[in-house]
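Data block below; observations after.
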Amino acid sequence: MAAGGAAGPGRWLLCLSLCAVLLPRAAWGLTEGLYCGRRVCYEVLGVSRQASKAEVARAYRQLARKYHPDRYRGEPAAPGGDDGAQAAHEKFLLIATAYETLKDEETRKDYDYMLDHPEEYYRHYYHYYSRRLAPKVDVRIVILVTVCAISVFQFFSWWSSYNEAISYLATVPKYRIQATEIARQQGLLNKTKEKGKNRRSKEEIREEEEEIIKDIIKNKIDIKGGYQKPKIYDILLFQILLAPFYLCKYIVWYCWWIYCFTIKGQEYGVEEKLYIIRRYMKMSQSQFDSLEDHQKETFLERQLWIRENYEVYKREQEEELKKKMAMDPRWKRYRRWMKNEGPGRLTFIDD
C-alpha cells in the first residue's frame with residue numbers, strides 16, 4: 001500500500017516531464033503582446049517555417065481576401081450579425097500582424113529566435129519594441145537633410161546681408177569717394193552721358209551710377225570683417241566636411257609654433273605678432289580684420305604682443321572710455337537718475 005502511494009506521485013512527475021518534452025517549445029514561449037500573441041504566426045498564415053517570402057505573401061493575400069471586413073460574407077454567429085463580423089475583423093488583424101512579422105527578414109529572424117529560445121524574455125521584449133518604436137526614416141538622412149537646409153538658408157541669408165552691407169557702404173563717403181574715383185579712371189561714369197534719341201532721364205542715369213559704384217565696391221575695394229563677401233566653404237555643411245582637415249591643420253600649426261618660437265626661440269613675424277594681439281583682445285578673426293590698418297600699425301608700434309605692454313594699453317583704453325562716458329550727456333543723466341531716484345527707491349508724492 002505504501003509502495004503504491006509512493007509510486008503515484010512518481011508517475012505524475014514522469015507524465016508531466018514527458019508532456020514538457022513532447023510539447024513544442026514555441027507553445028510555452030509565446031507571450032501576449034509580442035508579435036501574434038499566443039498564436040504562432042506561421043500557423044496563422046498556414047505556412048511552414050521554411051516557407052519563402054513569396055509563399056508567405058501568397059498565403060496572406062488569400063486569407064486577406066477571405067477575412068477582410070469589407071469583403072467578409074460569412075454567417076453571423078448571432079441574429080444581430082455583430083459577433084461574426086467582429087470575429088472576422090479580429091482574424092484579419094491577426095493575419096495582418098503575422099504577415100508584417102514574417103515579410104521582413106530581420107523581424108522574422110528575431111521571431112524565429114524567440115521560438116527557438118523562449119526563455120530569453122527580456123531580449124525578445126527589447127528587440128520587438130526597438131523595431132516597433134524605431135523611426136521609419138534613417139536618422140542619418142534626417143541629419144543630412146537638416147544640415148543641408150540650414151546651409152542653404154545660411155548662405156542666402158549671408159548674401160542678403162552682404163547686399164545690404166554694399167548698399168550701406170555706397171552711402172558712406174569713404175567708400176563712395178574711392179569707388180567714384182576708380183569708376184572715373186576706368187571711364188565708366190562717362191558712358192552714362194548720351195545725347196539724341198538714346199538720351200535717358202536723370203533718374204535712370206542716377207540708378208546706373210549707383211549700380212556702377214556698388215559693383216566697384218564689391219570687386220575693387222577690399223572689404224574685410226563683417227562686410228566681407230560670403231564664401232561657400234563657410235557654410236555649415238562644408239565646415240562639417242572640412243572639420244578633420246581643419247583639425248589636422250591646427251595640430252600641424254601648433255606643433256610648428258612650439259618648435260619655432262618655444263624650442264628654437266625665433267622672433268615673431270608680423271602675422272604672429274598680430275595673432276598674439278588678437279588673442280589678448282579676445283577678438284575673432286573677422287572682428288580683427290574689420291579694424292583699420294592704422295590701428296593695427298599702432299598695435300605693432302606699441303609692441304602689444306608683449307603682455308606687459310598690452311596691460312598698459314588696456315588700462316589706458318579703460319580710462320579713456322571712462323572719460324568719454326563722463327562727458328557724455330546721456331551718461332550724466334543716467335548717473336543723476338541713479339543718485340536721485342534709481343531702482344528700488346520709494347517716493348511718495350502728495351497731490
Side-chain angles (χ1 to χ4, degrees), residues 145-195 198-243 245-246 249-250 270-301 304 317 320-321 324 328 330:
V145 172
T146 303
V147 171
C148 291
I150 294 175
S151 301
V152 171
F153 174 78
Q154 190 179 40
F155 185 72
F156 283 103
S157 176
W158 284 349
W159 263 109
S160 177
S161 301
Y162 172 70
N163 291 328
E164 292 178 0
I166 293 298
S167 300
Y168 167 75
L169 292 177
T171 62
V172 177
K174 172 186 175 181
Y175 295 103
R176 189 175 185 86
I177 292 173
Q178 293 183 38
T180 304
E181 287 296 326
I182 295 175
R184 286 174 179 172
Q185 292 174 4
Q186 296 180 355
L188 298 176
L189 296 181
N190 297 331
K191 294 181 180 180
T192 60
K193 298 179 180 179
E194 299 173 351
K195 298 180 180 180
N198 297 327
R199 186 175 183 179
R200 292 168 295 175
S201 63
K202 293 182 179 180
E203 188 68 26
E204 292 177 345
I205 295 175
R206 190 179 300 109
E207 290 179 358
E208 184 174 349
E209 289 179 352
E210 286 295 325
E211 291 298 325
I212 292 174
I213 291 175
K214 289 180 181 179
D215 290 337
I216 293 294
I217 291 176
K218 287 181 181 179
N219 301 321
K220 301 296 183 180
I221 298 179
D222 185 19
I223 303 175
K224 298 180 180 180
Y227 293 146
Q228 65 184 359
K229 188 176 182 179
K231 300 176 183 177
I232 189 67
Y233 55 80
D234 288 335
I235 64 177
L236 179 62
L237 179 61
F238 281 88
Q239 289 294 313
I240 294 175
L241 294 177
L242 297 175
F245 168 74
Y246 288 141
K249 184 178 179 181
Y250 175 76
V270 176
E271 294 296 329
E272 289 75 23
K273 293 175 181 178
L274 292 176
Y275 169 76
I276 297 174
I277 295 172
R278 180 175 68 84
R279 290 293 301 271
Y280 286 162
M281 294 183 173
K282 298 180 180 180
M283 300 175 65
S284 63
Q285 186 65 50
S286 60
Q287 291 174 331
F288 194 76
D289 291 339
S290 63
L291 297 177
E292 301 292 341
D293 292 336
H294 67 85
Q295 291 180 288
K296 298 178 182 179
E297 292 175 0
T298 303
F299 297 159
L300 295 175
E301 290 175 0
L304 296 187
Q317 293 296 313
E320 185 177 353
L321 180 60
K324 289 182 179 180
D328 190 353
R330 291 173 298 178

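By convention here, the first residue in the shown sequence is residue 1.
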*May I ask you to decide whether Glu209 forms a salt bridge with Arg206, counting only side-chain N to carboxylate O separations under 4.0 Å?*
no
*Report the distance from atom CG of Leu241 to atom OG of Ser151, rounding to the nearest 0.5 Å.*
8.5 Å
*Is the shortest heavy-atom distance from the side chain of Thr171 to the side chain of Arg176 under 4.5 Å?*
no
_Quick check for you: to the nearest 0.5 Å, what is the distance between Glu292 atom CD and Thr298 atom OG1?_
11.0 Å
*Might you point out which heavy atoms bring Leu291 and Lys296 nearest each other, and give the distance in Å?*
O-CE, 4.0 Å
*Is there a side-chain contact (heavy atoms from CB on, under 4.5 Å) between Ile232 and Ile235 once you walk through the steps?*
CA-CA 6 Å; Ile232 189 67; Ile235 64 177; 4.0 Å; yes
*asked:* As an exercise, state the distance from CD1 of Ile276 to NZ of Lys273, rounded to the nearest 0.5 Å.
replied: 9.5 Å
_Could you measure the distance from the CD1 atom of Ile166 to the CG atom of Asp215? Nearest 0.5 Å is fine._
9.5 Å
*Check whether any side-chain heavy atom of Glu320 sits under 4.5 Å from a side-chain heavy atom of Gln317, and report yes or no.*
yes
_With a 4.5 Å cut-off on side-chain heavy atoms, are Phe238 and Lys231 touching?_
no
*Enter the distance from Ile177:CD1 to Ile182:CD1 here, rounded to the nearest 0.5 Å.*
12.5 Å
*Considering all heavy atoms, the nearest Gln154-Asp234 contact*: OE1-O, 4.4 Å
*Quick one: does Phe299's side chain get under 4.5 Å of Phe288's, heavy atoms only?*
yes
*Keeping the roles fixed (side chain from Ser167, backbone from Asn163), state whether a donor-acceptor pair exists under 3.5 Å.*
yes
*Considering all heavy atoms of both residues, which atom of Arg278 and which atom of Gln285 are nearest to each other, and what is their separation?*
NE-OE1, 3.3 Å
_Show the nearest heavy-atom pair for residues Ile277 and Leu304, with the distance to one decimal._
CG1-C, 3.8 Å
*Search all heavy atoms of Gln239 against all heavy atoms of Tyr246 and return the closest pair with its distance.*
OE1-CE1, 3.8 Å
*asked:* Quick one, Phe155 with Trp158, criterion ring pair (Phe, Tyr, Trp, His ring centres under 6.0 Å). Give me CA distance, side-chain angles, the key distance, then yes/no.
replied: CA-CA 5 Å; Phe155 185 72; Trp158 284 349; 7.6 Å; no
